[in-house]
Amino acid sequence: MIVTKNGRTYSLTQCRHRKGPCLKGLSVVEHLASSARCTQGLMGPEFEMQGCVRLTGCIRPCTALFRLTAGGLQLFCDLEPGDWSPGLVRLAEMLEDGGSFSGRLAVEPAAIVIASAPEPSAGQTVGLSGPKREAALH
């Protein structure tokens, strides 16, 4: 599922547990995007923040890992903090940019939510994060 809101494109994979897009994950990513919007111009191109959240209110509550950068946001559902790996970042980048993923993950996420970098508004120049990156799942 692909949704565009507030200048960002959100891409959601199907959750293997609920057999549909992870709407709770989308909500968390939207909140993170709103927070990032408040810091526009303050984050340098190398900014990165990782963390975990508990997704509740779904048929199967789970822990999700997130990554926020100047270039976008990624959320990986049903993983614990110890499951974090560079392979998750490569998988998200593959989903954003197309291509193939050749790595192995110790644990696969139940669902993934990706948000593109915000589009510059009319009259606004592209900030430190560079040009917009389109997010698409194939």
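Heavy-atom basis, side chains included; hydrogens, waters and symmetry copies ignored. Start at 1 with the first residue, then count along the sequence. Small disclaimer: the values here were computed from a predicted structure and weren't measured.
Donor-acceptor pairing under 3.5 Å is lacking for the side chains of Arg8 and Ser116.
The distance from atom CD1 of Ile59 to atom CZ of Arg18, rounded to the nearest 0.5 Å, is 6.5 Å. One distance of note links CG of Leu88 with CD1 of Ile112; it measures 7.5 Å at 0.5 Å rounding. To the nearest 0.5 angstrom, Leu68 atom CG is 6.5 Å from Leu32 atom CG. Atoms CG and OG, on Leu26 and Ser11 in that order, are 10.0 Å from each other to the nearest 0.5 Å. Taken from CG in Leu12 to CG in Leu23, the straight-line distance is 7.0 Å, to the nearest 0.5 Å. Leu79 CG to Cys62 SG: the interatomic distance, rounded to the nearest 0.5 Å, is 8.0 Å.
The two residues Cys22 and Val113 make their nearest non-hydrogen contact at O-CG2, 4.0 Å. Taking both residues in full, the closest heavy atoms of Cys15 and Ala111 are given as CA-CB, 3.7 Å, listed atom of the first, atom of the second, then distance. Across every non-hydrogen atom of Cys52 and Thr63, the tightest pair is CB-CG2, 4.2 Å. Nearest approach of Gly25 to Leu75, heavy atoms of both residues: CA-CD2, 3.4 Å.
Pairs engaging residues 19-36 under the side chain to side chain donor-acceptor pair (under 3.5 Å) rule: Lys5-Glu30 [sequence neighbours left out]. Note on residues 106-117: no pairs pass salt bridge (Lys or Arg N to Asp or Glu O under 4.0 Å), not counting sequence neighbours. A ring-ring contact (aromatic ring centres under 6.0 Å, His included) check over residues 52-96, counting only residues at least two apart or in different chains, returns the pairs Phe76-Trp84.
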Report task. For the pair Val28 and Leu55, evaluate side-chain contact (heavy atoms from CB on, under 4.5 Å) and give the outcome as yes or no after the intermediate values. Result -> CA-CA 8 Å; Val28 168; Leu55 301 178; 3.4 Å; yes
Report task. Could you give me the CA-CA distance, side-chain angles and deciding distance for Ile2 and Tyr10, then say whether side-chain contact (heavy atoms from CB on, under 4.5 Å) is met? Result -> CA-CA 6 Å; Ile2 298 176; Tyr10 299 89; over 6 Å; no
Requested in this report: Evaluate side-chain contact (heavy atoms from CB on, under 4.5 Å) for Leu73 paired with Ile114, printing each intermediate quantity in order.
Outcome: CA-CA 6 Å; Leu73 292 144; Ile114 299 172; over 6 Å; no
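Glu48 is linked by a side chain to side chain donor-acceptor pair (under 3.5 Å) to Gln50, Arg67, counting only residues two or more places apart in sequence or in another chain. Evaluation of the salt bridge (charged side-chain N to carboxylate O under 4.0 Å, His left out) rule for Arg60 yields Asp78 as partners, not counting sequence neighbours. For Gln14, the side-chain contact (heavy atoms from CB on, under 4.5 Å) partners are Pro21, not counting sequence neighbours.
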